[in-house]
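The model shown is predicted, which means the values in this text are computed figures rather than measured ones. Along the sequence shown, the residues carry numbers beginning at 1.
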Amino acid sequence: MAHSLEPHVWVADFAASVRWYREVLGFAPAAWYPDEDSATWCQLRRGNASVMLAIVPDPAGLAPHQQYMTELGPRVQGAGGPLSLYLHVDDVDAAYATAIDAGAEPVEDIWDAWWGGRQFTVADPDGNWWSFFQTTE
């Protein structure tokens, strides 16, 4: 399946983030590295949307061609996420109920947008905002 955009999201607590993305956002695992039991990276999918999660790397374990990643630590760890992503869904009310039932707290409660949509926003464990959006017109 081809994806036009697949964000790579750095996370502080890998297991907690994978669980949150599955339970709150409804994503399902598609790939793990190195394997599911000891993963530090995974690809998750929901419909035709895809996202990669990876734990912030330890600079001591990086290969020479990965040294650019040493810049990630100070910008990512403990600072909260800088992303705001929109996920288009067919039933925003059902997505809202699932997210709230899974323990998510809304950053923006569900509302009818003036431009012809309905949406709500939750923050992942690292502070990235995920807005669920449904076109109503």
Side-chain angles (χ1 to χ4, degrees):
M1 174 185 299
H3 303 279
S4 59
L5 177 66
E6 185 174 27
H8 192 162
V9 179
W10 299 102
V11 300
D13 185 331
F14 185 78
S17 292
V18 169
R19 186 172 44 258
W20 190 90
Y21 275 69
R22 291 176 81 173
E23 294 174 4
V24 175
L25 298 185
F27 278 84
W32 301 93
Y33 178 82
D35 56 56
E36 186 172 354
D37 294 330
S38 58
T40 57
W41 173 93
C42 72
Q43 179 188 48
L44 302 167
R45 292 186 182 148
R46 178 185 168 140
N48 65 355
S50 184
V51 63
M52 295 180 286
L53 302 181
I55 194 156
V56 176
D58 177 357
L62 295 174
H65 71 278
Q66 296 174 312
Q67 290 304 307
Y68 71 94
M69 295 173 81
T70 60
E71 297 299 317
L72 292 172
R75 289 188 296 168
V76 178
Q77 285 183 318
L83 296 175
S84 180
L85 302 157
Y86 273 73
L87 185 62
H88 292 259
V89 296
D90 292 328
D91 187 344
V92 74
D93 292 290
Y96 181 80
T98 298
I100 299 306
D101 288 348
E105 293 188 28
V107 171
E108 172 188 60
D109 211 350
I110 197 163
W111 66 290
D112 293 315
W114 55 268
W115 58 85
R118 186 162 168 77
Q119 72 179 52
F120 71 94
T121 303
V122 293
D124 76 9
D126 292 283
N128 296 301
W129 288 8
W130 282 86
S131 296
F132 283 73
F133 178 80
Q134 176 184 357
T135 302
T136 56
E137 293 182 6

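- Nearest approach of I55 to F14, heavy atoms of both residues: N-CD1, 4.1 Å.
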Verdict with reasoning, W32 to V18, per side chain to side chain contact (heavy atoms under 4.5 Å, CB included)
CA-CA 11 Å; W32 301 93; V18 169; 3.9 Å; yes

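- Annotation: the span from S50 atom OG to Q43 atom CD amounts to 4.0 Å, rounded to 0.5 Å.
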One pair to check against side chain to side chain contact (heavy atoms under 4.5 Å, CB included): F27 and V51. What are the steps and the verdict?
CA-CA 9 Å; F27 278 84; V51 63; 3.8 Å; yes

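- A99 approaches V24 most closely through the heavy-atom pair CB-CG1, 3.7 Å.
- When all heavy atoms of P34 and A39 are compared, the closest pair comes out as CD-CA, 4.0 Å.
- A 4.5 Å side-chain heavy-atom check between W20 and V122 finds at least one atom pair inside the cut-off.
- To the nearest 0.5 angstrom, S17 atom OG is 13.0 Å from W10 atom CH2.
- W130 and Y21 share a side-chain donor-acceptor pair at under 3.5 Å.
- When only modelled atom types and interatomic distance are considered, W111 and E108 share a side-chain donor-acceptor pair under 3.5 Å.
- Between P106 and T121 the shortest side-chain heavy-atom distance does not fall below 4.5 Å.
- Listed for the N128 side chain is no donor-acceptor partner under 3.5 Å among the backbone atoms of S84.
- In this structure, a donor-acceptor pair under 3.5 Å is absent between the side chains of D101 and T98.
- Using a 4.5 Å heavy-atom cutoff, the side chains of E36 and C42 are not in contact.
- Y86 and L83 are not part of a single hydrophobic cluster, where members link through side-chain heavy atoms under 4.5 Å apart.
- Taking 4.5 Å as the limit, every side-chain heavy atom of V9 sits out of range of all side-chain heavy atoms of D126.
- When side chains are defined from C-beta on, L87 does not count as touching F133, because their heavy atoms never get closer than 4.5 Å.
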Before giving the answer on side chain to side chain contact (heavy atoms under 4.5 Å, CB included), spell out for E6 and M52 the whole-Å C-alpha distance, their side-chain angles and the decisive distance to 0.1 Å.
CA-CA 7 Å; E6 185 174 27; M52 295 180 286; 3.8 Å; yes

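- Side-chain contact between V89 and R46 is present, with at least one heavy-atom pair separated by less than 4.5 Å.
- Counting non-hydrogen atoms of neighbouring residues, nucleotides and ligands closer than 6.0 angstrom, the CG atom of D35 exceeds 12 such neighbours.
- A distance of 4.5 Å separates CZ in F132 from CG in L25, rounded to the nearest 0.5 Å.
- Under 3.5 Å, the side chains of Q134 and Q119 contain no donor-acceptor pair of N or O atoms.
- Under a 3.5 Å cut-off, the side chain of T136 and the backbone N or O of G116 do form a donor-acceptor pair.
- To the nearest 0.5 Å, atom CZ of residue F120 and atom CG of residue D93 are 9.0 Å apart.
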